[in-house]
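In what follows, a structure is listed as C-alpha cells, so that the remarks can point back to it.
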Amino acid sequence: MLIQNLRKRLSDEILLLLKNSSGENEGSLNDKVMQITLTIPKNRDFGDLCTNAALVLAPVLKKPPLKIAEDIKRHIISAWPEAAGANVAAPGFINFFISRDYIIKNLEGIAIKKDDYGRNEHGANTKLQVEFVSANPTGSLHIGHGRWAALGDSLSNIFASNGFDVCREYYINDFGSQAAKFSLCLASLYLRSFGQNTQYPEDGYPEDLVKSVVDQILQEEKLPEGAGFKGSYLKNKSAGSFKTSSEYARPELIDSMVDIGAIGRRGIEIMINRIAVTLKSMNVQFDEWFYESSLYKNAGFEKTIKQLEKENIIYAKDDAIWFKAAQYGDEKDRVVIRSGGEPTYFASDIMYLINKAGRGFKRLIYILGADHHGYIKRLHAIGKATGFNERNIEVIIGQLVRLVQKGQPVKMSKRKGNVYMLDDLLKEVGSDAVRYFFTANSFNTPMDFDLDLAKQKSNKNPVYYIQYAHARIANIIDKVRQGFAAGELDFDSNELRLPDKWSDNFEDVFTALISENTFKNPNLKSEQEVGLAKMLMLYPDVVYDACICREPYMINQYLYRLAGLFHYFYKHHRVIDAKKLNTGRFKLVLLVRIVLANALKILGVGAPERM
RNA sequence: GCGCCUGUAGCUCAGUUGGAUAGAGCGGUGGUCUACGAAACCAAUGGUCGGAGGUUCGAAUCCUCUCAGGCGCGCCA
C-alpha cells in the first residue's frame, strides 16, 4: 500500500516537525494533519502523487503556503527514496514523481506474493459477517437480487483480502406468515394429486411455481412400478380415499388432511436448493444458510423475551409486547408480540442479532435494498439495547435496479408476472458479464438495467475488454511455449529460465514461470512499460480503498484502467518480435496477469485463457 | 406530511473524507491489420455539474432554500 504508507509517513513527519516548532496544542494539530491528503492527480503534469499539506498547514503555521511547500518538498526529496523529484505549484501543492527504480524494484514483490498480492492485514482477522440476498424462499430470485448477490459476494471478497475473517450468510425466512402461506399452497396442490379437489388459497403464490415444487416432491416419493406415491405428507395414509369426494376442501380442511408443516419444510428446502444453484451459477457461495425457524427452537423465543423483560427494554401495551426502540434512536417503539400472541418479524430480528453476537462476530454488515432503509435505525436500536456496539452494525443500502426496455422503465410486479428472473439473465448475458455489470457502479447509484442493451451488446461489455487482456497474455505465454518447443525462440537465457517440460495446465505453466524466475530488475525502457509497472504497484491501495469505502466498483474501475494500459502497451510494444523474446516485457506481462487474475477473482469474474 | 437516496456529455456512469484545465465507456465522426488474437489501437467531437443563494485561498463535493425522480413511513415479511 504505497499511497497509504506514504500518507502516513508524511503525516507523522509533519506532526513531529510541528510539535517542536509550533505552540499549538496536540489535539488541534492532529485534526489538521488528518486533513492532509496524498492523492493521484488527475493531470499527469502534476506528477504521480500530490499533497495539499502546505495548504492545510498554512493557517496553523501562519506562513505563506508556498514557503511551507518548499520546506516540505526539500524534506521529501532528501528523505524519501520513493520520490524521484518534486515541485511546488501554486497555490501550494506539492507534486512529486515516484522513482523509476523504486517502481521496478517493487515488481519483485508481486511475483513473490502472487495470489496474495494485493492482500493486507488491515482487518486483523476480525470476525465479520456479511448478510445478503436473504430473499424469501417462496419464490425464485429475480434480477434485483442479482445486484445484492454480486455486491455482497464481491464485498466479502474485498473484506477477506483486507484480512477480515468473513462469513457470508443467507437468512431464510421460513417462519412467518409468508412461509405458512407457501406451505398451504403446497398442501393444496399436493392433495389434488391424490384426487382431492382443493381450493387454491386466495392470493396464494403463483400456481405454476408451487406446482413445480409439488411435482418435485412427488418425484421424490414415487413408488416403484407405477404404484403411485407414498403420500408421506398425508395425515390419512390411505391415498386415493379422496377420489369420490366432490367437495372442495377449504384451507382448514386441508390442515386435517396434510401435514402442512412437514410439506412446507420440504418445499422450502427445495426452493433454497434452487436458489443456491442460481447463485452458484454466478459464482456466489454462502458459508451459512441460517433458518429463521431455528431461532425459535429450544424455547429460544421465550428465553429472549424473559431476558428482555428483565433488562426492561420491552413492555406491555394494548395486549401486545413492545420494544422500546424509540429510546434507542428509532422513530417509534416496535411490536415484538402481537396481541394474538404471535411474534412479529421484528422479534426474529432481535433474536437473530443476539445470535450473531453470540457466534462471535465483531462486525455485522447487512446489505439491503433501498426499500428497506427504514431498517437501519431499527437494527441499530437492537444493537444499542442488547449491548452490541452500533458502530459495528453497518447497513449498506443498495439502490434499486430499474428495468428499462425500449427506453421506457418497466414496472416490475410479481403479480403481473413481468418479473425478470435472475436465471434467465444469467442464461442470456452470462455470469461474468452479470457479475461485472452489477458491481460496475456504486451501490448508491440507482441502476437502470437496459435489457435490450444487455442482450444485444454484450460483446461491448467492458468485462470482455478486461478478459481479452488476460487472454492475450495467456496467448503470449502459449506462443513462447510453442517457439521454445520448436527451438525457434531467441532469448537471453541469463535473463529468463523456461521450463524443460510444459504442463498442459495453464496454471501449472504459469506457476512454473513465476517461481523459476527472478523479477528483481526487469529491463524496462519505455514510458508505457514503466507506467504499467506503476499501475501494478497501486493495486494494493485500490484493494484497501475499496474496503474502506465498501465499494467493489473501485476494483472494476481499476481493472478497466489496467486493461487499457495493457492493450496500449501490447499494441505499441512487441513482447515477441520475429522470434526474438523481450524478456523484460515478458516478465512484466506475467506480473500483469497476476494482478488481473487477483482482481477478477475478487469480482467473481472468470480469467479466460481463450475467448 | 415526515425520512433516506439520486440529479454531471445524446445514453450509462466516475469524480478519491473541499483541490489545480470536470473525466471514462457506449453511440456518432475520421483513421490503423502480409507483425504475439482488430473482442484491440489512435485522433477529433461532445458540459450553464437540475436551479438560486451562502461558507473560503479554492465548491460537482459542505450549508440553506427550491425543482424533478426513486424508495420508505403496519400488531406485513
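Not measured: the values here are computed from a predicted model. The sequence lines fix the lettering, A, B, ..., with proteins before strands; numbering per chain opens at 1.
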Closest to the [X] side chain, choosing from [options]:
X	options	result
Y468(A)	C75(B), A14(B), A39(B)	A39(B)
T39(A)	U16(B), A77(B), C73(B)	U16(B)
Y465(A)	C73(B), A40(B), A14(B)	A40(B)

Using atom names, set out every protein N or O paired with an N or O of nucleotides 7-10 of chain B below 3.5 Å, distance rounded to 0.1 Å.
none

*Which of residues 478-487 of chain A have a heavy atom under 4.0 Å from RNA chain B?*
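RNA chain B contact set from residues 478-487 of chain A: K479(A).
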
*Which parts of residues 560-588 of chain A get close to RNA chain B, meaning a heavy atom less than 4.0 angstrom away?*
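Here the set is Y560(A), H567(A), Y568(A), Y570(A), K571(A), H572(A), H573(A), R574(A), V575(A), I576(A).
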
Could you tell me whether [X] contacts a base, only the sugar-phosphate backbone, or nothing, with contacts defined as non-hydrogen atoms closer than 4.0 Å?
X	value
C549(A)	nothing
I337(A)	nothing
T445(A)	sugar-phosphate

*Using a cut-off of less than 4.0 Å, is there contact between a side-chain N or O of N441(A) and OP1 or OP2 of U12(B)?*
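No, no such contact exists.
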
*To the nearest angstrom, how far is H373(A) atom NE2 from G70(B) atom P?*
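The distance from NE2 of H373(A) to P of G70(B) comes to 15 Å, rounded to the nearest Å.
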
*Stacking check: are the rings of F46(A) and A20(B) less than 5.5 Å apart at their centres and under 30 degrees in tilt?*
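Stacking is present between A20(B) and F46(A), given that their ring centres fall under 5.5 Å apart and the planes under 30°.
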
*Using 30° and 60° as the class limits, which term best fits the ring planes of Y315(A) and W322(A): parallel, tilted or perpendicular?*
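Aromatic pair Y315(A)/W322(A) classed parallel.
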
*What orientation do Y570(A) and F566(A) show, parallel under 30°, tilted 30 to 60°, or perpendicular over 60°?*
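Rings of Y570(A) and F566(A): tilted, 30 to 60°.
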
*Expressed in whole Å, how much space separates the P atoms belonging to C63(B) and C4(B)?*
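Straight-line distance between the two P atoms is 11 Å.
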
*Expressed as a whole number of Å, how far does the P atom of A40(B) sit from that of U45(B)?*
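A40(B) and U45(B) have their P atoms separated by 23 Å.
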
*Check Y352(A), Y296(A), F182(A) against F175(A) for a ring pair (Phe, Tyr, Trp, His ring centres under 6.0 Å) and give me the one that passes.*
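Of Y352(A), Y296(A), F182(A), ring pair (Phe, Tyr, Trp, His ring centres under 6.0 Å) with F175(A) is met by Y296(A) alone.
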
